Amino acid sequence: MAIKSTIFKINLQIADMERHYYHDHALTMAQHPSETDERMMMRLLTFCLHAHEYLEFGQGMTNEDEADVWQKDLTGTIVLWIDVGMPDEKLLRKACGRAKQVMVYCYGGRTVDLWFTQNSAQFERLKNLTVINVPMESSRALANMVQRNMQLNCSIQDGQVWLANGDESVMIELVTLKAPHGYNHT
């Protein structure tokens with residue numbers, strides 16, 4: 001018998017001062033049996049950063065034709081494709097051909113540096129790709145916040161991201177490894 005996904009209920013309040021987006025979300029997230037708490041919270045973080053009425057969780061972990069999180073317009077065109085972790089360059093190339101904008105939020109410390117170094121030449125050819133690194137301390141702190149039912153507040157202002165659950169808060173500093181059109185900066 002196959003192990004079923006674990007279901008999480010999340011009440012999420014987002015205050016994104018940079019995009020002037022202020023909204024409450026009642027989310028249901030399914031955690032695949034092989035998905036870590038850290039990876040699941042990274043998917044939730046990307047939802048916070050790109051929240052939109054058409055943004056939704058995909059089956060990226062089990063279906064390479066879907067993103068981890070994505071946004072489609074009313075015609076079905078993929079406006080935004082988001083993957084977390086360190087996806088294969090071939091999958092990212094395919095995603096860049098299908099979506100207007102592709103974003104990767106990687107985490108994992110030194111392994112991210114190695115992965116990015118090995119793939120950076122190929123990434124430069126992908127003009128609609130952005131690669132963001134989330135420091136390991138932040139991604140692990142997010143994983144420590146996991147509960148089956150979560151009440152979370154996310155604040156985004158002046159390049160800083162804060163995620164809090166009432167008992168603790170985590171500041172997440174995002175480091176841009178690759179921006180669209182080949183501009184690299186940190």
Side-chain angles (χ1 to χ4, degrees), residues 2-14 16 19 21 23-108 111-112 115-116 119 122-123 126-134 138-139 142-143 145-150 152 154 156 161 163 172 174 176-180:
I3 300 173
K4 294 183 179 182
S5 295
T6 304
I7 304 300
F8 291 84
K9 299 287 186 179
I10 303 151
N11 288 319
L12 175 64
Q13 295 179 332
I14 299 174
D16 185 340
R19 294 188 305 139
Y21 182 90
H23 199 74
D24 294 347
H25 295 270
L27 303 174
T28 300
M29 285 185 76
Q31 182 183 32
H32 188 273
S34 64
E35 184 177 36
T36 64
D37 288 348
E38 187 175 20
R39 186 178 192 286
M40 183 187 73
M41 291 301 285
M42 288 296 298
R43 287 193 298 130
L44 183 61
L45 173 64
T46 66
F47 185 92
C48 293
L49 294 169
H50 299 278
H52 184 277
E53 66 179 312
Y54 298 123
L55 190 70
E56 59 187 36
F57 295 105
Q59 301 293 319
M61 187 162 179
T62 57
N63 182 348
E64 65 184 43
D65 288 331
E66 290 193 24
D68 290 320
V69 180
W70 58 1
Q71 177 186 331
K72 296 179 184 178
D73 67 15
L74 294 174
T75 67
T77 300
I78 303 169
V79 177
L80 176 62
W81 178 294
I82 303 171
D83 277 336
V84 299
M86 294 171 273
D88 183 81
E89 181 269 334
K90 290 175 188 166
L91 294 175
L92 289 177
R93 202 171 347 125
K94 185 177 176 182
C96 285
R98 293 180 61 202
K100 291 182 180 180
Q101 181 182 13
V102 175
M103 302 203 61
V104 174
Y105 286 85
C106 46
Y107 62 98
T111 57
V112 170
W115 169 80
F116 187 76
N119 293 286
Q122 294 90 328
F123 290 166
L126 305 174
K127 299 302 180 193
N128 58 337
L129 174 67
T130 302
V131 180
I132 306 288
N133 184 21
V134 176
S138 297
S139 62
L142 290 175
M145 297 174 84
V146 171
Q147 297 175 14
R148 290 291 294 271
N149 293 297
M150 293 184 263
L152 298 172
C154 180
I156 303 168
V161 181
L163 199 62
I172 301 112
L174 305 173
T176 303
L177 300 178
K178 184 204 177 296

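Fair warning: this is a prediction, and the values are worked out from it, not measured in the lab.
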Problem set entry | Aromatic ring proximity, centroids under 6.0 angstrom, H50 and Y105 | yes

For this session: Can you sort out the partners of R19 under salt bridge (Lys or Arg N to Asp or Glu O under 4.0 Å), two or more places apart, ordered by chain and number?
Result: D16

Seminar exercise, completed: Residues M150 and M145: closest non-hydrogen pair is SD-O, 3.8 Å

Exercise. Yes or no on side chain to side chain contact (heavy atoms under 4.5 Å, CB included) for V84 and D68, after CA distance, side-chain angles and deciding distance?
Worked result: CA-CA 7 Å; V84 299; D68 290 320; 3.5 Å; yes

Exercise. Between atom OG of S5 and atom NE2 of H32, what is the distance when rounded to the nearest 0.5 Å?
Worked result: 6.0 Å

Exercise. How would you list, by chain and number, every residue that makes a side chain to side chain donor-acceptor pair (under 3.5 Å) with Y107, sequence neighbours excluded?
Worked result: none

Problem set entry | Any donor-acceptor pair under 3.5 Å from K178 side chain to I132 backbone | no

Problem set entry | Partners meeting side chain to side chain donor-acceptor pair (under 3.5 Å) with Y21 (sequence neighbours left out) | H25

Seminar exercise, completed: Value for CG (N119) from CG (D88), rounded to nearest 0.5 Å, stands at 7.5 Å

For this session: Using a 4.5 Å cut-off on heavy atoms from C-beta on, say whether the side chain of L129 contacts that of V104.
Result: yes

Problem set entry | Under the ring pair (Phe, Tyr, Trp, His ring centres under 6.0 Å) test, residues paired with F8 that sit two or more places apart | none

Seminar exercise, completed: In this structure, CD1 of I14 is separated from SG of C154 (nearest 0.5 Å) by 6.0 Å

For this session: Evaluate the side-chain proximity of P180 to N128: yes if any heavy-atom separation is below 4.5 Å, no if none is.
Result: no

Exercise. If we only count heavy atoms from C-beta on, is the T28 to I7 side-chain gap below 4.5 Å?
Worked result: yes

Seminar exercise, completed: Between the CE atom in M41 and the CG atom in L163, the distance rounded to the nearest 0.5 Å is 5.5 Å

Exercise. Taking atom CG of L49 and atom CD1 of I156, what is their separation to the nearest 0.5 Å?
Worked result: 5.0 Å

Exercise. Given side chains that start at C-beta, do those of L12 and L44 come closer than 4.5 Å, heavy atoms only?
Worked result: yes

Exercise. Taking only residues two or more places apart in sequence, or in another chain, which ones meet E89 in a salt bridge (Lys or Arg N to Asp or Glu O under 4.0 Å)?
Worked result: R93

Exercise. Is there a donor-acceptor contact under 3.5 Å from the side chain of T36 to the main chain of R39?
Worked result: yes

For this session: Decide side chain to side chain contact (heavy atoms under 4.5 Å, CB included) for V134 and I172; before the verdict, give the C-alpha distance in whole Å, the side-chain angles of both, and the deciding distance to 0.1 Å.
Result: CA-CA 7 Å; V134 176; I172 301 112; 3.8 Å; yes

For this session: Compare every heavy atom of L55 with every heavy atom of T46, then report the nearest pair and how far apart it is.
Result: O-CD2, 4.5 Å

For this session: With sequence neighbours excluded, tell me which residues meet salt bridge (Lys or Arg N to Asp or Glu O under 4.0 Å) with K9.
Result: none

For this session: Before giving the answer on side chain to side chain contact (heavy atoms under 4.5 Å, CB included), spell out for V79 and K72 the whole-Å C-alpha distance, their side-chain angles and the decisive distance to 0.1 Å.
Result: CA-CA 5 Å; V79 177; K72 296 179 184 178; 5.9 Å; no

Seminar exercise, completed: The side-chain contact (heavy atoms from CB on, under 4.5 Å) partners of T77 (sequence neighbours excluded) come to D73, T75, K100

Exercise. So do the side chains of L74 and Y54 get within less than 4.5 Å of each other, counting heavy atoms only?
Worked result: yes

For this session: Report yes if the side chains of D83 and C106 come closer than 4.5 Å at any heavy-atom pair, otherwise no.
Result: no

For this session: State, with a plain yes or no, whether a side-chain heavy atom of L152 is found less than 4.5 Å away from one of Q13.
Result: no

Exercise. Given W115 and V131, is the side chain to side chain contact (heavy atoms under 4.5 Å, CB included) satisfied, shown in steps?
Worked result: CA-CA 11 Å; W115 169 80; V131 180; 3.9 Å; yes

Exercise. Can E35 and R43 be counted as an ion pair, charged N to O under 4.0 angstrom?
Worked result: yes

Problem set entry | Inter-residue atom distance C48.SG - L27.CG, 0.5 Å rounding | 8.0 Å

For this session: Write out all pairs satisfying ring-ring contact (aromatic ring centres under 6.0 Å, His included) with one or both partners inside residues 72-99, taking only residues at least two apart or from two chains.
Result: W70-W81

Seminar exercise, completed: D65 meets the side chain to side chain donor-acceptor pair (under 3.5 Å) criterion, sequence neighbours left out, with K94

For this session: Please identify each residue that fulfils side chain to side chain donor-acceptor pair (under 3.5 Å) with S139, with sequence neighbours left out.
Result: E38

Problem set entry | Pairwise side-chain contact, V102 with L92, heavy-atom cut-off 4.5 Å (strictly under) | yes

